[in-house]
Each structure stands twice: as structure tokens, then as C-alpha cells.
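Start at 1 and go down the list; that is how both ligands and their atoms are numbered.
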Amino acid sequence: MIEVTDLKFEYGDGGRKENSDSPFSLQVSRLSVTAGTSAAVVGPSGSGKTTLLHLLSGILIPGSGSIAIGEFHPAGESDSARRRHRLRNIGMVFQNFELIEYLSVLDNVLLPCRIDTSIPLTPELRDRARELLSHCGLEHLVRRNITQLSQGEQQRVAICRALLTSPALILADEPTGNLDPTTSQQIMNLLLNSVRDQGATLVMVTHDHSLLNQFDQTIDFLQFLSSPNARQESQQ
Ligand code: ADP
Ligand code: MG
């Protein structure tokens with residue numbers, strides 16, 4: 001499903017780090033995730049995990065190297081083709097949720113239908129939205145405004161939205177970061193069920209090492225840090 005080869009990416013001028021002249025750069029010689037499997041992504045803060053998810057989703061484009069998502073090569077496609085591909089095939093759980101504040105919980109989960117008219121808002125999809133929310137323990141909050149939710153509740157709304165269309169690829173950025181261990185495991189079950197029952201591919205960034213044994217593979221970003229000094233610093 002995912003094949004990354006000789007990837008190089010560097011942020012533009014906006015990416016200059018404090019006390020440093022050089023922008024952040026990410027190099028990944030090879031990364032592969034088989035369709036229908038799950039991969040955890042771990043590594044120190046600032047090592048480029050979110051950047052990688054944005055590259056895989058086609059939000060960012062690599063400077064060189066290749067990324068293939070199945071038959072789709074984001075770098076060779078237009079902005080609109082990448083956006084379309086993202087909406088139809090990828091469920092993204094953003095680290096900062098990216099929820100729409102003026103919409104209710106239910107309308108946030110149904111957002112993919114508003115954005116992409118080729119995803120019709122059927123009664124079945126409405127039912128699925130409610131089912132997902134109830135699976136996440138949010139059934140009593142469907143009409144609530146997003147601004148009136150805790151961080152953990154917002155995070156679960158973002159997860160429901162990502163799973164609404166049963167996407168082939170789920171990219172989840174620390175989706176259990178704000179949750180207690182029990183809720184965190186519920187979310188893990190929901191994500192892993194998508195892999196097991198629907199054949200989805202899951203790439204999930206996490207700092208919670210107790211979850212790692214539930215994944216088919218773990219991708220450690222320490223291997224991508226460019227200098228041995230950076231590796232040592234981040235291990236201390
Ligand atoms: P992680 O998710 O592993 O914590 P990120 O991918 O968010 O790391 O960030 C990696 C590095 O890229 C950091 O040094 C960060 O400051 C920088 N960075 C992240 N987003 C941007 C951006 N939009 N523009 C410039 N630099 C960025
Ligand atoms: Mg991050």
C-alpha cells in the first residue's frame with residue numbers, strides 16, 4: 001500500500017529552527033507498509049513524524065524520491081487530484097484535530113460529505129456516524145458544539161470523522177494522546193478493527209510504547225535522524 005524510496009523533504013524558509021540556519025529536513029531511504037496491515041510510528045518530538053504523515057497524505061510534496069500509495073503517486077499529481085484522493089481514500093486524524101468550531105459534533109463527523117459532493121449523505125452514512133460516536137462513548141454529545149468538548153472528546157470526534165467513509169488508508173497522528181488508558185484501548189480496537197474487518201491500512205504515530213505490540217510493525221524515527229549526535233541527544 002505504501003512504498004517510500006529515497007525520500008527527501010525540506011521545509012521552505014518558514015522552517016528555520018530557532019538558533020539554527022538550516023530548515024528541518026527529513027530523509028527516509030525506504031519505508032514500506034503492506035496493504036491491510038498496521039504500522040506504529042514512534043520517535044522523539046520534532047523528528048518529523050507529523051511531516052511524514054503529511055507527505056503520505058499528499059498535503060506536502062517531497063523534494064525528491066518517491067512515494068506510492070497503492071497506484072497513486074502524489075508528487076506527480078495536481079493539488080486538486082491529491083485533495084480528491086485524500087478525501088476518498090485516506091482518513092486523517094490530525095494531531096491538532098482540525099475540527100470545525102462552528103459545527104456540531106455530528107456535523108463534524110459528517111464533514112467529508114459536505115466537502116466532497118461525490119460522497120452522498122445517505123441515511124446509512126448518518127447511521128455510521130452515530131455508530132462510530134457511540135463506539136467512542138460520545139453518543140450523548142452528538143448535538144454539542146465542538147468548543148464545549150474536552151480535548152479527549154475532540155480527539156475522538158476527529159477519529160470518528162476519519163473513519164466515516166471506511167477509508168483504505170488511515171493516517172492517525174497521536175490519536176490516543178489525550179485519552180485515559182481504557183478509552184485509549186477502545187480507540188485502538190476501533191482502528192485495528194478497521195484493519196482486520198475492512199482490510200484498511202493503518203499508520204499511527206504514538207508515544208505510548210505499551211500499545212506497540214498490537215501493531216504489525218513499528219517504524220522508529222531514530223533511524224531517520226541525520227546525525228549520530230542528534231540520535232544520542234534524543235535518546236538521553
Ligand atoms: P514530530 O511530529 O515528530 O514532532 P514534526 O513533523 O511536527 O515532528 O516537525 C519536524 C520539524 O519540522 C520540527 O523541527 C518543526 O519545527 C518543523 N516544522 C513542522 N512543521 C513545519 C512547517 N509548517 N514549516 C516549517 N517547519 C516545520
Ligand atoms: Mg507530531
Q95 N/O under 3.5 Å from ligand 1 N/O: no
Lys/Arg-Asp/Glu bridge criterion (N-O < 4.0 Å) met for D116, R88: yes
Test of proximity, S45 against ligand 1: N or O pairs below 3.5 Å: no
Sub-4.0 Å heavy-atom approach of S47 to ligand 1: yes
Ligand 1 atoms in contact with T51 (distance to a heavy atom under 4.0 Å): 5 (P), 6 (O), 9 (O), 10 (C)
Ring geometry between F72 and H85 (parallel below 30°, tilted from 30 to 60°, perpendicular above 60°): parallel
From the candidates F224, Y11, F221, the one that places a heavy atom nearest atom 18 (N) of ligand 1: Y11
Sole residue of D173, V205, N96 in side chain to side chain contact (heavy atoms under 4.5 Å, CB included) with T50: D173
Q95 OE1 and T50 OG1 subtending at the Mg ion (ligand 2) (10° steps): 80°
Short N or O distance, F24 and ligand 1, threshold 3.5 Å exclusive: no
Region of P23 that comes within reach of ligand 1 [heavy atoms, distance under 4.0 Å]: neither
Lys/Arg N to Asp/Glu carboxylate O, R82 vs D79, below 4.0 Å: yes
Per-atom contacts, ligand 1 versus P44 - under 4.0 Å to a heavy atom: 3 (O)
Between F224 and F221, ring centroids under 6.0 Å: yes
Salt bridge present between R161 and E98 (N-O < 4.0 angstrom): no
Among L169, L56, I59, side chain to side chain contact (heavy atoms under 4.5 Å, CB included) partner for R86: I59
